[in-house]
Amino acid sequence: MADIAKLVEELSKLTVLEAAELATALEEEWGVSAAAAVAVAGPAGGGEAAAPAEEKDEFDVILTGDGGKKIQVIKEVRAITGLGLTEAKGLVEGAPKPLKEGVNKAEAEEIKGKIEAAGGTVELK
């Protein structure tokens, strides 16, 4: 294993151009492409659990209910969305409705936390 660690250390010193040349040379020598090797090696490690390794980077925050605390949830919806009182009330009463669409994970989690703290329920899609 020490030899592998040394090899990895040496390879990490390569420039992008040198790494590309190395990949091409290995493909020619062994008759395989780096992409094929990754595709074959990927599922072997964890089966189906490893396959959906892609993590979403955009989320839709869906208000699913007010949890019986409509006024607090309306206030929070207004603060998050910038809607007027009538629009925010309509959104809360019409749940399930999207609050924000296409937001990053951190913002989606923050919105979810605020709505849940106010008593509402939220789903991230």
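Sequential numbering from 1 along the given sequence is applied to the chain's residues. Atom set for the values below is all heavy atoms of this structure, side chains included, hydrogens, waters and symmetry mates excluded.
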**Q.** Flag side-chain contact, heavy atom, 4.5 Å: D66 against I74
**A.** no

Value for CD (E76) from CG (L99), rounded to nearest 0.5 Å, stands at 10.0 Å

Open item on the list: Using the rule that Ile, Leu, Val, Met, Phe, Trp and Tyr join whenever any side-chain heavy atoms are under 4.5 Å apart, tell me whether V73 and I71 fall into a single cluster.
Closed with: no

- Message: Contact between I115 and I80 at the side-chain level, heavy atoms closer than 4.5 Å - yes or no?
- Response: yes

(Q) Under a 4.0 Å threshold between the charged nitrogen and the carboxylate oxygen, would K105 count as salt-bridged to E109? (A) no

| Are E10 and K6 ion-paired here, with the side-chain N under 4.0 Å from a carboxylate O? | no

Heavy-atom nearest pair, G65 first then A95, reads N-CB, 4.0 Å

Quiz item: Is any NZ, NE, NH1 or NH2 atom of the basic residue among R78 and E87 found under 4.0 Å from an Asp or Glu carboxylate oxygen of the other?
Solution: no

Those residues at least two apart in sequence (or on a different chain) that pass salt bridge (charged side-chain N to carboxylate O under 4.0 Å, His left out) with K112 are none

d(L91 CG, T81 OG1) to nearest 0.5 Å is 7.0 Å

- Message: Are I62 and P96 packed together at the side-chain level, in the sense that at least one heavy-atom pair is separated by less than 4.5 angstrom?
- Response: yes

Note: F59 and L124 closest approach over all heavy atoms is CD2-CB, 4.4 Å

So OG1 of T64 and CD of E123: to nearest 0.5 Å the spacing works out to 6.5 Å

Output, in order, the C-alpha distance, side-chain angles, deciding distance and verdict of side-chain contact (heavy atoms from CB on, under 4.5 Å) for V103 and K100. CA-CA 7 Å; V103 296; K100 290 243 179 173; 3.9 Å; yes

